[in-house]
Amino acid sequence: MGIMELGLFALLGVGTGLLSGFFGIGGGMVIVPVMLVLGHSYDSAVGISILQMVFSSVVGSWTNFKKGFLDVRTGIFVGLGGMVGASFSGLILRTFSHKFLLGIFILVTLYSFLRFAFKSKRSAVDSYQDLNLDTKNKLILVVIGALTGIFAISLGIGGGVLMVPLLAYYLKIPPKQSVPLGLFFVIFSSASGVLSLAGHGLLDLHALQWGLMVGVGSVMGVVIGVRLMPLVPAIWHRRALLVIYAIAIAVSIYKWF
């Protein structure tokens, strides 16, 4: 690995870490296309993306917890759901075509985007709320985590891009509160996804090396993103999220065709 390659992967890690900390997403929307351009296979690109998520999600969630932004009581349920859903990622990548999975993802993301854009305007506030963790809400959290884990980890994109609008619509959790939950969820889903892909022979030594390099670079970026997030007004944070979702949909449609 040359100096230029080291610099490229460090820069890529910082950028994806910044996205993870600020938006609660895994950063795969950047990593997967870049890896494909650099000549990696789709499975390898997904594996590298998921490995990076392990680093950024752990560091970002710890930073959020210390600052009081992370509600661990709520996060543990979406995390457990994500761990279960992501455990099927290796089997899903082995069974279904990439084009089919991407098509399903486009539909789910578009549905989430429309719900978030037109049905959850009341969530665009700065205040945090205590969620009533009754049996129904716990089940909703687990189901959201599982569904997000199945689709997002199989495509190497983390999950925040799907989870934030779902939490906002179904549980009325403000985006700035659900972003730390999305990042916390990635700890469980990415770890489970790595094990699932490795168990199905989809992670080789080179993918592990690249994933570790990008992951180390993402540590700095995620800390910056977490610190910037509370400084931005909720309405602008929400608008930025909508832009990210729109870009994800556009890039996914482009890749699908």
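Remember, predicted model here, so these are calculated numbers, not experimental data.
Looking at heavy atoms from C-beta onward, Val232 lies in side-chain contact with Phe22 at the 4.5 angstrom threshold. Looking at Leu93 and Val46, their side chains come closer than 4.5 Å, going by heavy atoms from C-beta outward. Contact of the Val78 side chain with the Val142 side chain is not registered, since no non-hydrogen atoms from C-beta on lie closer than 4.5 Å. With contacts defined as side-chain heavy-atom distances shorter than 4.5 Å, the pair Leu18/Leu228 qualifies. For the pair Leu166/Leu171, no side-chain contact is recorded, criterion being any heavy-atom separation below 4.5 Å from C-beta on. The closest side-chain heavy-atom distance from Val14 to Val222 is not below 4.5 Å. Using a 4.5 Å heavy-atom threshold, the side chains of Asn137 and Asp134 count as touching. Looking at heavy atoms from C-beta onward, Ser189 lies out of side-chain contact with Met53 at the 4.5 angstrom threshold.
Residue Gly60 comes nearest to Val226 through the heavy atom pair O-CG2, 3.9 Å, listed as atom of the first residue, atom of the second, then distance. A pairwise comparison of heavy atoms in Ser192 and Met83 identifies OG-O, 2.8 Å as the closest pair. Residues Asp71 and Leu181 share a closest heavy-atom pair of O-CD2, 3.4 Å. Nearest heavy atoms, Ser196 versus Ala86: CB-O, 3.8 Å. Nearest approach of Leu167 to Ser178, heavy atoms of both residues: CD1-CB, 3.8 Å.
Arg239 CZ: more than 12 foreign heavy atoms inside a 6.0 Å radius.
One distance of note links CG of Leu197 with OG of Ser87; it measures 11.5 Å at 0.5 Å rounding. In this structure, the separation between OG1 on Thr74 and CD on Gln177 is 7.0 Å, given to the nearest 0.5 Å. Atoms CD1 and CZ, on Ile140 and Phe77 in that order, are 12.5 Å from each other to the nearest 0.5 Å. We find the CG-CZ distance between Leu91 and Phe96 to be 8.0 Å, quoted to the nearest 0.5 Å. Going from atom CG of Leu183 over to atom CE of Met229 covers 9.0 Å, rounded to the nearest 0.5 Å. Note that NZ of Lys67 is 5.5 Å distant from CZ of Arg227, once rounded to the nearest 0.5 Å.
Of the possible polar contacts, none joining the Ser61 side chain to the Val58 backbone as a donor-acceptor pair under 3.5 Å is found.
For the ring-ring contact (aromatic ring centres under 6.0 Å, His included) test, residues two or more places apart in sequence or in another chain that qualify with Phe188 are Phe184.
Under a hydrophobic-cluster definition in which Ile, Leu, Val, Met, Phe, Trp and Tyr are linked whenever side-chain heavy atoms come within less than 4.5 Å, directly or via other members, Val214 and Met220 are assigned to the same cluster. Leu110 is connected to Tyr169 through a chain of hydrophobic side-chain contacts under 4.5 Å among Ile, Leu, Val, Met, Phe, Trp and Tyr, so both are in one cluster. Cluster annotation: Phe65 and Leu133 are assigned to the same hydrophobic cluster (Ile/Leu/Val/Met/Phe/Trp/Tyr, side-chain heavy-atom contacts under 4.5 Å, transitive). Residues Val72 and Leu80 share a hydrophobic cluster, clusters being chains of Ile/Leu/Val/Met/Phe/Trp/Tyr side chains in contact below 4.5 Å. In the hydrophobic clustering of this structure, Ile50 does not group with Leu195; members are Ile, Leu, Val, Met, Phe, Trp, Tyr whose side-chain heavy atoms approach within less than 4.5 Å, directly or through other members.
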Under the side chain to side chain contact (heavy atoms under 4.5 Å, CB included) rule, what do Phe55 and Leu212 come out as? Steps first, then yes or no, please. CA-CA 8 Å; Phe55 286 81; Leu212 289 174; 3.6 Å; yes
